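Written out below as structure tokens is the structure these notes cover.
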Protein chains: 2
Amino acid sequence: MVQTADRVLTVAARLFRAKGYEGTSTREIAKLAGIEKASLYHHIGAKEDLLYTLCDESLNRLLSGVERVLATEKDPRLRLQQAIHAHVLAVLADLDTHTTMLRELRGLTGARRAHVLARRKEYELMLREIVSDSQNSSVLRTDIDVKMLTLVLLNMLNWTIFWFKPDGTLSASQLADLLTRMYLEGAVASS
Amino acid sequence: MVQTADRVLTVAARLFRAKGYEGTSTREIAKLAGIEKASLYHHIGAKEDLLYTLCDESLNRLLSGVERVLATEKDPRLRLQQAIHAHVLAVLADLDTHTTMLRELRGLTGARRAHVLARRKEYELMLREIVSDSQNSSVLRTDIDVKMLTLVLLNMLNWTIFWFKPDGTLSASQLADLLTRMYLEGAVASS
DNA sequence: GTCTATAAAGAGATAGAC
DNA sequence: GTCTATCTCTTTATAGAC
């Protein structure tokens with residue numbers, strides 16, 4: 001039997017992805033979790049706790065993924081490829097949680113919002129270091145600055161959440177491969 | 001003097017981008033527009049009207065942009081480049097309106113939601129045709145299917161809304177150029 | 001076309017029994 | 001740890017005067 005607190009978090013993530021944080025009521029969360037609304041407040045202090053916990057969880061997974069890559073792979077090009085894989089597989093394996101982090105940050109206030117923003121920045125800068133190393137090793141082009149190269153990469157990777165279908169013909173791993181090739185080689189026909 | 005109805009729409013777009021559709025109250029919209037909340041309802045029937053009008057406006061501009069390119073440019077590669085430019089310039093010239101369309105569709109219900117979804121699909125399919133023509137003319141690679149090539153392109157273009165700074169050092173046109181190069185050539189160093 | 005006033009529903013959250 | 005009942009505030013929207 002899954003603990004109630006975990007189930008609450010799971011259904012909250014599902015609802016936040018489907019209807020947005022502001023668009024989801026605590027009544028809906030309670031109902032989907034199979035408890036009364038008041039019981040919810042035995043497990044959380046406020047609705048915002050759920051959002052914060054989900055964002056934190058998402059970033060913990062992404063950060064530990066890229067840290068593992070940094071610890072185990074030293075070759076710049078392979079590092080980049082493995083970081084892309086780790087990112088895409090993590091995100092697509094739990095669309096509810098990561099979509100919530102990517103889209104619903106607005107719902108957080110004060111120190112928690114600042115904390116999540118800081119960890120997002122931290123993650124972006126780790127990827128930027130990987131991209132930078134690849135530039136220095138002549139793996140990636142240097143006529144576009146590292147910040148842009150990294151932001152475009154994240155654009156390509158993150159927003160697959162809007163159209164990736166877990167039950168489709170393309171697996172997450174296959175999509176990660178495809179994105180890697182497109183990011184590195186581009187869309188032009190090889191002459 | 002700008003008409004009240006237009007001002008309402010403008011401030012609604014600004015607020016919807018900043019706080020989300022569900023996170024924005026009609027009180028805030030009225031206040032920022034300089035009228036009482038009740039007066040708002042002389043101009044609109046419901047809050048959702050604002051969201052629908054903004055989504056429709058966004059898609060009208062994007063569709064007419066790509067239609068103009070199709071009408072005036074026949075070369076596949078130039079068509080693709082011009083379509084990218086038209087898209088990026090349109091979106092970045094009015095971040096409030098286009099961000100609302102891209103992010104807040106969830107707030108629409110019923111037939112209006114279906115209508116906006118249909119026009120988004122229509123736009124995607126027009127871009128897909130351009131990409132497909134480029135494949136057939138050996139401009140773009142054919143080892144990745146047209147649907148994926150188009151979705152990745154839209155990923156790259158659309159989500160610049162989250163980090164493009166209108167007052168930054170990079171102009172919208174320069175960013176469009178950069179995205180075009182990255183999409184076509186990729187990130188690898190040319191050997 | 002804008003106002004003051006208010007209705008009606010829904011939101012997040014709490015009290016206190018079991 | 002869950003419940004019933006309720007509080008308080010905010011929400012969207014309307015009525016009707018000017």
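From a predicted model like this one, the values you see are computed outputs, not experimental measurements.
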**Q.** Partner residues of Tyr123(A) under the ring-ring contact (aromatic ring centres under 6.0 Å, His included) criterion, sequence neighbours left out
**A.** His87(A)
Rounded to the nearest angstrom, tell me the gap between atom [atom1] in [X] and atom [atom2] in [N].
X        : N       : atom1 : atom2 : value
Asp49(B) : dT12(D) : CG    : C1'   : 12 Å
Leu40(A) : dA11(C) : CG    : P     : 13 Å
Lys31(A) : dT2(D)  : NZ    : P     : 18 Å
Leu50(B) : dT12(D) : CG    : P     : 11 Å
Asp6(A)  : dG1(D)  : CG    : P     : 12 Å
His42(B) : dT2(C)  : NE2   : P     : 7 Å
Glu36(A) : dA15(C) : CD    : P     : 18 Å

For nucleotides 13-15 of chain D, tabulate all protein N/O to nucleotide N/O atom pairs closer than 3.5 Å, reporting atom names and distance.
residue, atom, partner, partner atom, Å
dA13(D), OP2, Tyr41(B), OH, 2.9
dA13(D), OP2, Lys47(B), N, 2.8
dA13(D), N6, Lys37(B), NZ, 2.1

Q: For Arg103(B), check salt bridge (Lys or Arg N to Asp or Glu O under 4.0 Å) against everything at least two apart and list the hits.
A: none
Q) With sequence neighbours left out, what residues match Thr109(A) under side-chain contact (heavy atoms from CB on, under 4.5 Å)? A) Glu48(A)
Q.
Run the side-chain contact (heavy atoms from CB on, under 4.5 Å) test against Ile35(A) and tell me which residues pass, sequence neighbours left out.
A. Thr4(A), Arg7(A), Val8(A), Ala30(A), Ala33(A), Ser39(A), Leu40(A)
Q.
What I want to find out is whether Lys121(B) reaches Glu124(B) closely enough, with some N-O distance under 4.0 Å, to be called a salt bridge.
A. yes
Q | salt bridge (charged side-chain N to carboxylate O under 4.0 Å, His left out) contacts touching residues 57-72 of chain B (sequence neighbours left out) | A | Glu57(B)-Arg61(B), Arg61(B)-Asp94(B)
Q) So does His43(A) get a side-chain nitrogen or oxygen closer than 4.0 Å to the phosphate oxygens (OP1/OP2) of dT2(D)? A) yes
Q. Do the side-chain N or O atoms of Ser25(A) get closer than 4.0 angstrom to the phosphate oxygens (OP1, OP2) of dG10(C)?
A. no
(Q) Tell me every residue that passes side chain to side chain donor-acceptor pair (under 3.5 Å) with Ser58(B), counting only those two or more places apart in sequence or in another chain. (A) His98(B)
Q.
Can you list everything that forms a side chain to side chain donor-acceptor pair (under 3.5 Å) with His42(B)? Sequence neighbours excluded, please.
A. none
Q.
Has Gln135(A) got a side-chain atom pairing as donor or acceptor with Arg141(A)'s backbone, closer than 3.5 angstrom?
A. yes
(Q) Any residue in residues 8-20 of chain B with a heavy atom nearer than 4.0 angstrom to DNA chain D? Just list them by number, or reply none. (A) none
